[in-house]
Amino acid sequence: MTIGLTHYLVLSAILFSVGLAGVLRRKNLLMLFFATEIMLNAANVAFAAISVHIGDLSGQMFALFIMAVAASEVAVGLGLLILIYKKYGTLNLDNFSIMKG
Amino acid sequence: MEAIAFYIFAILITGLFLVTAFSRNILYAMSSLAAGMVLISGLFFILGADFLGAVQLVVYSGAIMALYAFGMMFFDATRDVKEKNTSSYLVFLLSGFSAVALVVIFAAPTIGKHIEPIVTAPQGLDNPHAIGAVLFTKYLIPFEVAAVMLLVAMIAGIVLASKKMDESLSEIYLDADPETEKKEQE
């Protein structure tokens with residue numbers, strides 16, 4: 001039994017669902033970041049699999065740029081997380097609902 | 001042989017990412033996420049996208065996880081995270097279905113017969129050389145924009161994480177409660 005494109009796409013869908021469930025479930029900001037990384041990785045797997053399957057290098061390029069975006073997102077996001085933790089002393093999302101309404 | 005490797009990697013990755021998404025301990029979540037990233041690079045190597053696998057190892061497992069581990073020094077990582085879940089399982093079920101539907105929608109065009117590759121690999125080059133040749137010709141502008149974006153992100157990270165570098169930033173702490181300010185002065 002050979003491994004085709006479908007296997008990779010199914011795996012990518014499963015990983016994306018896991019990441020999405022994590023994003024919906026998490027209340028801790030750092031854990032929310034982890035779940036986002038899972039979703040980005042799932043997209044990368046799908047991009048690389050389709051790229052190899054069709055024989056077009058664009059998919060791998062896009063995966064490369066997704067990694068660059070993920071790296072800069074982590075750098076800025078962690079800076080903001082540190083500021084938030086210094087200000088509030090917690091990373092729980094429920095403590096940040098400061099709007100009255 | 002390829003099938004065995006793929007299934008082992010797939011099961012391990014799914015299990016590790018499930019631990020990441022549902023664990024209560026931040027350290028467990030981070031270590032399992034790092035292990036999952038390493039195993040995903042194995043998937044890329046199976047696919048034949050060697051350069052992407054190497055970049056995945058260097059950028060994700062090296063840089064991003066090291067950054068998370070560094071950021072962990074600022075947070076209290078030993079305590080278990082208490083999370084209050086109010087949403088029902090119907091939400092998760094519906095979100096899972098919508099995620100699968102998204103993947104199907106975006107993957108459906110690959111089934112078609114009339115797909116022609118736009119950017120083919122140059123003849124007689126292996127994967128890293130071909131990626132280099134394409135990246136520095138057709139994707140040169142996005143590459144440079146990504147470089148500028150990384151520079152901006154680096155500067156933003158330095159400015160955000162370091163305190164008392166700028167006066168306007170220190171004003172943020174003015175309305176913080178006295179306990180944390182006392183902790184900062186120590």
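Note that the coordinates shown come from a computational prediction; the quantities given were computed from them, not determined experimentally. Side-chain atoms are counted along with the backbone in the values below, which use heavy atoms only and exclude waters and symmetry mates. Labels below follow one simple rule: chain letters A, B, ... track the order of the sequence lines, proteins then strands, and each chain is numbered from 1.
- Heavy atoms of Leu47(B) lying under 4.5 Å from chain A belong to its backbone as well as its side chain.
- For Leu93(A), no part lies under 4.5 angstrom from a heavy atom of chain B.
- Using a 4.5 Å cut-off between heavy atoms, Ile50(A) touches chain B through its side chain atoms alone.
- With a 4.5 angstrom heavy-atom cutoff, Ala49(B) touches chain A via backbone and side-chain atoms both.
- Listed here is the closest heavy atom pair of Met31(A) and Ser23(B): CE-O, 3.7 Å.
- In this structure, the separation between CD1 on Ile46(B) and CD1 on Ile3(A) is 8.5 Å, given to the nearest 0.5 Å.
- Taken to the nearest 0.5 Å, the CG atom of Asn41(A) stands 4.5 Å off from the CE atom of Met37(B).
- Smallest separation of non-hydrogen atoms from Phe17(B) and Ile38(A): CD1-CG2, 3.6 Å.
- In this structure, chain B has no heavy atom under 4.5 Å from any part of Val23(A).
- Heavy-atom distances place the side chain of Leu30(A), and not its backbone, under 4.5 Å from chain B.
- To the nearest 0.5 angstrom, Ser72(A) atom OG is 12.0 Å from Met154(B) atom CE.
- For the pair Tyr60(B) and Leu40(A), the minimum side-chain heavy-atom distance is below 4.5 Å.
- Both the backbone and the side chain of Phe22(B) have a heavy atom closer than 4.5 Å to some heavy atom of chain A.
- A 4.5 Å side-chain heavy-atom check between Ile82(A) and Leu160(B) finds every atom pair outside the cut-off.
- Annotation for Ala68(A) and Ala146(B): closest pair CB-CB, 4.4 Å, computed over non-hydrogen atoms.
- Residue contact with chain A, scored on non-hydrogen atoms closer than 4.5 Å, is absent for Phe70(B).
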Steps toward ring-ring contact (aromatic ring centres under 6.0 Å, His included) verdict (Phe65(A), Phe143(B)): CA-CA 8 Å; Phe65(A) 291 128; Phe143(B) 180 67; 7.2 Å; no
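- Closest heavy-atom contact between Arg26(A) and Thr20(B): NH2-O, 3.1 Å.
- Contacts between Ala46(A) and chain B at a heavy-atom distance below 4.5 Å are absent for every atom of the residue.
- Of all the heavy atoms in Leu52(B) and Gln60(A), the pair that sits closest is CD1-O, 3.8 Å.
- The residue among Leu151(B), Val59(B), Leu150(B) with the most heavy atom pairs within less than 4.5 Å of chain A is Leu150(B).
- For chain B, the nearby part of Met61(A) is the side chain; its heavy atoms alone come within less than 4.5 Å.
- In this structure, the portions of Tyr139(B) lying under 4.5 Å from any heavy atom of chain A include both its backbone and its side chain.
- Using a 4.5 Å cut-off between heavy atoms, Ala147(B) makes no contact with chain A at all.
- Going from atom CZ of Phe9(B) over to atom CG of Leu11(A) covers 11.5 Å, rounded to the nearest 0.5 Å.
- Leu67(B) and Leu78(A) make their closest contact through O-CD1, 3.2 Å (heavy atoms, listed as atom of the first residue, atom of the second, distance).
- Heavy atoms closer than 4.5 Å to chain A are found nowhere in Ala63(B), neither backbone nor side chain.
- Heavy-atom distances place the side chain of Ile40(B), and not its backbone, under 4.5 Å from chain A.
- Using a 4.5 Å cut-off between heavy atoms, Val55(B) contacts chain A through both its backbone and its side chain.
- Between the CZ atom in Phe51(B) and the CG atom in Leu57(A) there is a gap of 11.5 Å [rounded to 0.5 Å].
- Ranked by heavy-atom pairs shorter than 4.5 Å toward chain A, the options Val134(B), Thr14(B), Leu135(B), Val100(B) are led by Leu135(B).
- Per-residue counts of heavy-atom pairs under 4.5 Å with chain A were compared for Leu18(B), Ile131(B), Ile13(B), Val145(B); the largest is that of Ile131(B).
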